[in-house]
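Convention: sequence-line order gives letters A, B, ...; per-chain numbering from 1.
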Number of protein chains: 2
Amino acid sequence: MPTDQDRLLDAAEKLFYERGYQAVGMDALREASGLPLKRIYALYGGKDAIAVAMLDRRDLRWRHALAAHASHDPEPAHRPLAIFDWLETWLATDGHRGCAWINAYGELGSTSPAIADAVREHKARVREYVADIVEAAGGTPETAHSISLLLEGAMVTAGITGDPSAARHARHAAATLLQS
Amino acid sequence: MPTDQDRLLDAAEKLFYERGYQAVGMDALREASGLPLKRIYALYGGKDAIAVAMLDRRDLRWRHALAAHASHDPEPAHRPLAIFDWLETWLATDGHRGCAWINAYGELGSTSPAIADAVREHKARVREYVADIVEAAGGTPETAHSISLLLEGAMVTAGITGDPSAARHARHAAATLLQS
DNA sequence: TAGACTAGAGAACGAACGTTCTCCCGCGCA
DNA sequence: TGCGCGGGAGAACGTTCGTTCTCTAGTCTA
């Protein structure tokens, strides 16, 4: 049984991801969540706080899903490439519209410090995870950095073109970098 | 002597890039351009059309600047890496806030088909240019694809972290890919 | 010079926004 | 049963938006 917060953040995540932040009104959030406006404002102070809470929750879930897949491979040397396998399935999900954090940063990075911070923290955590995985596989920190760039590049490219195969190309490049 | 269109698109480019699309009102555009509202609506049908015209003009200028730098090197084999040299200087410009097209797509990609098209076309043209340069340098199409991903990854990462050194890391990875 | 047209400055408009307020129903307790 | 209170539904508020309209001053032509 989902809590009110779950219901609200589910609605916010879906709508903000689909349409962006400013294009979604509080009324749409109310209708999609089934919660009265009063309850929404009691749970969070306002629209910005909802977006930040949504991004934070999504951050946990997203990195969990990535780690669950990448760490599933018993061989540490295979794990960096497993990141891109998971990425491809994620890019191919219905309604995929790029990286929620990149999108949020593009729209609100300069006007909402709280959201800008949430994005920076998420991206830093992902880079850190990639670095751990790559170095455990015997890669250098420089290789880890490159693989993070490939990851970001594949997400943004697939988001715009709609073609999940960017993940396969990124995987191929990552494999080359790991071997050299 | 700049035309009214130049004045308007200069203002639009500066303001939209700094704050995003929806955060900039027509009044701000009027004030920054020095043009009466009536003239603005006579030049373009509305706000969306201004954004599209701005992106199109920026596309020409951006790709010209990139090509001017990358094609300056007389040795075709060096040109793919020259892309990243130029990228680093661009990422280091004052007020850099990531890729204008990625930002626009994140905010408006799902609500404004005209803007989504402008972004897709720009990205396709850049990918095509990179492919030409890389293949002229002896790289494979697969390598060209990877280098485009590194380019996108560096732009988005530098935009969020504010650190232009992402271009150097991308350059290093590109060099490795070109050698293998 | 007289008149018609252009274009500038900004008021005005209707819609939509985030947020708050009002009203009232229904439950818990004495 | 009577009373009080928390919370639901949605109207209302003030603001801001994109766009259009009004009024006026200037300019070109016959």
key: Residues which pass side chain to side chain contact (heavy atoms under 4.5 Å, CB included) with Asp56(A), listed by chain and number, not counting sequence neighbours   = Val52(A), Ala118(A)
remark   = Expected list for residues 46-53 of chain A near DNA chain D, using heavy atoms below 4.0 Å, is none
ask   = Counting only heavy atoms not in His172(B), do more than 12 sit closer than 6.0 Å to its NE2 atom?
value = no
message = Taking Glu121(A) first and then Arg125(A), would you say they form a salt bridge - that is, a charged N and a carboxylate O separated by under 4.0 Å?
response = yes
request  = Could you tell me whether Glu142(B) and Arg168(A) have a side-chain N and a carboxylate O separated by less than 4.0 Å?
outcome  = no
request  = Just jot down the ring-ring contact (aromatic ring centres under 6.0 Å, His included) partners of His96(B), sequence neighbours excluded, or say none.
outcome  = Trp90(B)
task = Considering only NZ, NE, NH1 and NH2 on the basic side and carboxylate oxygens on the acidic side, decide whether Asp10(A) and Arg7(A) come within less than 4.0 Å.
result = no
task = Measure the distance from OH on Tyr41(A) to C1' on dA12(D) and round it to the nearest whole Å.
result = 14 Å
key: Check ion pair Glu152(A)-Lys123(A) (N to O, under 4.0 angstrom)   = yes
remark   = The salt bridge (charged side-chain N to carboxylate O under 4.0 Å, His left out) partners of Arg127(B) (sequence neighbours excluded) come to none
ask   = Between residues 14-29 of chain B and DNA chain D, which residues have a heavy-atom gap below 4.0 Å?
value = Val24(B), Gly25(B), Met26(B)
message = Please determine whether a side-chain nitrogen of the Lys or Arg among Asp59(B) and Arg63(B) lies less than 4.0 Å from a carboxylate oxygen of the Asp or Glu.
response = yes
Tabulate atom names and distances for all N/O pairs under 3.5 angstrom spanning the protein and nucleotides 8-12 of chain C.
| from | atom 1 | to | atom 2 | distance (Å) |
| --- | --- | --- | --- | --- |
| dG8(C) | O6 | Lys38(B) | NZ | 2.8 |

task = Identify whether the distance between the nearest side-chain nitrogen and carboxylate oxygen of Arg79(B) and Glu75(B) falls below 4.0 Å.
result = no
remark   = Taken to the nearest whole Å, OH/Tyr44(B) to P/dG18(D) is 17 Å
